[in-house]
Amino acid sequence: MASLADSFLADLDELSDNEAYPEEDNAEAAGMDEDGDDDMPDLESLNYDDLDSVSKLQKTQRYSDIMQKVEGALDKDTYLSNQGFILEEDPELKFPELESLVHHPIDYARVVKKIANEVDITLVDLEGLLPSAVIMVVSVTASTTSGKPLSQENLVKTIEACDRALNLDAAKKKVLDFVEGRMGYIAPNLSAIVGSAVAAKLMGIAGGLGALTKMPACNVQLLGAKKKNLAGFSSATSQFRVGYLEQAEVFQSTPPALRTRACRVIAAKATLAARIDSTRGDPTGKAGRNLLEEIRKKIEKWQEPPPAKLPKPLPVPDSEPKKKRGGRRLRKMKERYAVTDMMKLANRMQFGIPE
């Protein structure tokens, strides 16, 4: 099973890189054939009327073979999780403002499929797809949208593109679940620090264990980070510049005020653990557990109260005055605050003479 898992890790980077993020035009889940066609056509030259010319990954034999092997392995001894993250698409401009309101690609595909050609967005139940605050903003924006209903032909293509994106999302979840079940053998030290689920996602988005070891800790901290839409609400409690590491148990157990510092430490130790795993330096995972203990001790140290301020003892009576440091700055200060002769005369009082 080790060789099968290693082969999936090697393929994970290509599967992730070949999926395109839909920002402006039609559904695009890019895929490469086994012969390695690296030359992609310009976006303007693509034929968006034919989805097969844009979304090629699901039609490749390599994709079918990999998914059959993954599904077969999952049926034997692994379980499915709900975590995952991929891309989606939808073409035309019925609701052009929606792209700036829903940033996550998969959420965008689900919302587009749910809205379809409905003119009154208030009649569409988006509960469970988006947070309540975002639903409110989407409903208000939809009432003043500049978009127009799609034709039946374009609507069918849009729904099909969303379905393909969601199917790719489900396929990536299966691959990540498969790798997660084998993380105890593939990366035991990394799994000891961040957990097997987070370790599988880090390796998946980085392109394998070897690629993860070549990344600096500051980049590992950002793996999986996505743009957050706060819908006009306060950003005081939101975590920025944090990716999949925020799902680690040691991060969640850290007080919110210290999580930014803790995330940097976790990313640094996770990078060291990944490099140990890449060389098979400690298959038992003991080095990872030691690094995790160091992280916990650091966080506990940060939470300790500062040392009590000791009272300063009084000087010994009748002792000689201490020599105070002089210098140009001290002389200038004395000159500024010195009492001049004119001030002495103004404040002088003579006895026996009424003033």
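In what follows, every heavy atom counts, from backbone to side chain, and hydrogens, waters and symmetry copies are set aside. Residue indices begin at 1 and follow the sequence shown.
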Practice item. Could you go through the side chain to side chain contact (heavy atoms under 4.5 Å, CB included) check for T271 and M215 one step at a time? Key: CA-CA 8 Å; T271 304; M215 299 180 66; over 6 Å; no
Rounded to the nearest 0.5 Å, what's the gap from [atom1] on [X] to [atom2] on [Y]? Could you check?
| X | Y | atom1 | atom2 | value |
| --- | --- | --- | --- | --- |
| L202 | Q247 | CG | CD | 9.0 Å |
| I193 | L292 | CD1 | CG | 6.5 Å |
| L168 | R164 | CG | CZ | 9.0 Å |
| I299 | L258 | CD1 | CG | 8.0 Å |
| K174 | D169 | NZ | CG | 11.5 Å |
| K301 | E304 | NZ | CD | 4.5 Å |

For [X] and [Y], work out which heavy atoms get closest and say how close.
| X | Y | answer |
| --- | --- | --- |
| I295 | V250 | CG2-CG2, 3.9 Å |
| L150 | T158 | CD1-OG1, 3.7 Å |
| L166 | A109 | CD2-CB, 4.3 Å |
| A206 | L223 | CB-CD1, 4.2 Å |
| G224 | I205 | N-CD1, 3.6 Å |

Point to revise | Same cluster (ILVMFWY, side-chain, under 4.5 Å), L222 and I266 | key: no
Check: [Y] and [X] side chains under 4.5 Å, non-hydrogen atoms:
| X | Y | answer |
| --- | --- | --- |
| L245 | V194 | yes |
| K113 | R110 | no |
| E127 | I135 | yes |
| K201 | S196 | no |
| Q303 | P255 | yes |

Between [X] (side chain only) and [Y] (backbone N and O only), is there a donor and an acceptor less than 3.5 Å apart?
| X | Y | value |
| --- | --- | --- |
| D277 | N189 | yes |
| S278 | R275 | yes |
| R259 | Q252 | yes |
| N167 | D163 | yes |
| T141 | V138 | no |

Exercise for review: Report the C-alpha distance between D65 and Q61 in whole Å, list the side-chain angles of each, state the deciding distance to 0.1 Å, and finish with yes or no for side-chain hydrogen bond (donor to acceptor under 3.5 Å, both in side chains).
Suggested key: CA-CA 6 Å; D65 295 341; Q61 184 63 35; 2.8 Å; yes
Practice item. Establish, yes or no, whether the cationic atom of R296 lies under 6.0 Å from the six-membered ring centre of F251 and within 45° of the ring axis. Key: no
Practice item. Test salt bridge (charged side-chain N to carboxylate O under 4.0 Å, His left out) on K157 and E153 and set out the steps. Key: CA-CA 6 Å; K157 293 178 181 178; E153 180 183 0; 3.4 Å; yes
